[in-house]
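Both backbone and side-chain heavy atoms feed into the values below; hydrogens, waters and symmetry mates do not. Labels below follow one simple rule: chain letters A, B, ... track the order of the sequence lines, proteins then strands, and each chain is numbered from 1. Only a predicted model underlies this, so the values are computations on that prediction, with no experimental measurement involved.
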Amino acid sequence: MTSPVVRVRFAPSPTGYLHIGGARTALFNWLFARGQGGQFVLRIEDTDSERSKPELIDVIFRSLEWLGLDWDGTPVHQSERGEMYSAAIDALLATGNAYWCDCTPDAVKARAEARGGQPGYDGHCRERGLGPGEGHVVRFRVPDEGTTAFDDVIRGHVSFENANLEDFVIKRSNGTPMFHLANAVDDADQGITHVVRGEDLINVTPKVLLIREALGTPGELTFAHLPLIVNEKRQKLSKRRDDVSVGDYIDRGYLAEAMVNYLATLGWGPPDGIEIRPLAEIVELFHLEDVNSSGAFFDVKKLQHFNGEYIRDLSLPQFVGKSTRWLYDDAPWPAERFDVATFEVLAPLVQERVKLLSEVPGYVDFVFQPDPTIDEASWEKVMVKAPELAVAVLDHAAGAFADCTWDAATLEVVLFAYSDEHGVAKGKVQAPVRVAVTGRTVGPPLFESLEVLGRDETLRRIAAARARL
RNA sequence: GCCCCCAUCGUCUAGCGGCCUAGGACACCACCCUCUCAAGGUGGCGGCACGGGUUCGAAUCCCGUUGGGGGUGCCA
């Protein structure tokens, strides 16, 4: 077997759920790999045992599966590769590229302040010849001179003066490796060819490069730093202040296809301007070097538009199937009153109206609830503002609906007979009936709704509303 | 403070020296369609941050300014 030309990795840290930024990073890695016929592997960066939560690993996997981003091989867990990292650290120590340090964070900070506020480690233990011991860490000896640079696929040449890099920790006092070290070792061990990640990691790149060099790692890594996804204030999306968990979007009724498609437009655009299109086409058109370098705002409105397009594109069975959890689990009606066959009659009408699957119940709840939930604003607008018309229309409907043929077409004709007789717009005439029967001014087409509801229930609701006037 | 990155409509983008009086999409506005709401159709609003160069010619190349952002942890 020949090694693939391209092998990329997505390396989440299980300190939280998969968020929008991580999903986009995973997607771009995946797009690049699939487009190149390469491999996309996973690596769990859980060297920080304090923060990593094992149970989140599975959540991240499931989110990736939901997005449809399949990975190659078995995910690697850094927490299980301690010996590899220790060996690398020992090698660095042996070659003088690293040294032991017993400075506490407070001491480092205090000296920095004494120096005049320039933060960072001052190399205090560089020549002290310390060995392992309680509270000792291992630091990487950064060359005093020279520059460490790389050619970023997206940003071009990026260069750092080594003098500006401090001697950073590669092994914590508790014995675990820091991520720069693990990163360098794993990228080499897993045969990674391209590192595609967020721009927030661009400044750790020289550290990883320095470690690779000191370790004598053969081959070269190509970097591509993706623009950050930002909030309305143009700050990096944060789990704290922003609403960014992929799981939350699943719960709100977004389709994976819409999410993936939308995410692909953040930092990249197809040359022909057609944004909404099958993933396979995006794979075909996507080129890493075409990715933008400036931050992109996560626009939920546009995501919703994409979602609406994808929902309308579903076949009826697909739409019904995708709606399932909103029809059974948290539906606003008693489970025993729900009937799929009835829902399927209205489903096509609902499908072209919703942008989110979570909106589905709101369009059909009047059918499955014993009584319609009256929306006060709707009642006010239609019944209270124009009581005479409401009374007249309701009385007309009660009479006309009592013995006509019960189908949408006939219902429309008999109700709108009132329009013709009194010269009142159809829109005005349907409103009182709609509010009386469904509780709202907005909903699926009225006559189809009535047909599904049935004559008895329709008349009962009209009478109830009439009594309330 | 220091280091790094970025800069086309409100937003996401196309543009990679002449096809640009800058194209598309979302949002917004108007009109059409219409039983409500959507969907759909038509039209509209709206942008190359600024200043210098380079060039016959710059949104596109270079420099500077300004403005954003990221990093600066024994997090990743």
Per-nucleotide protein contact along nucleotides 61-68 of chain B, 5' to 3', at a 4.0 Å heavy-atom cut-off (B base, S sugar-phosphate only, - neither), is --------
Practice problem: Give one of base, sugar-phosphate or nothing for A:Gly443, where a contact means two heavy atoms less than 4.0 Å apart. | Solution: base
Using a cut-off of less than 4.0 Å, is there contact between a side-chain N or O of A:Lys355 and OP1 or OP2 of B:rA39?
yes
Atom CG of A:Asn162 and atom C1' of B:rC3 are separated, to the nearest Å, by 13 Å
Looking only at side-chain N and O atoms, does A:Ser294 come under 4.0 Å of OP1 or OP2 in B:rC5? no
From CD of A:Gln235 across to C1' of B:rG70 the rounded distance in Å is 11 Å
Under 4.0 Å: is that the gap between some side-chain N or O of A:Asn292 and OP1 or OP2 of B:rU8?
-> no
Under a 4.0 Å heavy-atom cutoff, the residues of residues 299-311 of chain A touching RNA chain B are A:Asp299, A:Lys301, A:Lys302, A:His305, A:Glu309
A:Glu448 atom CD is separated from B:rU36 atom C1', nearest whole Å, by 12 Å
May I ask you to evaluate whether A:Thr47 reaches the phosphate of B:rA76, defined as a side-chain N or O under 4.0 Å from OP1 or OP2?
yes
Re B:rC28: Watson-Crick or G-U wobble partner, both distances kept under 3.5 Å, found to be B:rG44
When both distances are under 3.5 Å in a Watson-Crick or G-U wobble arrangement, the nucleotide paired with B:rC2 is B:rG71
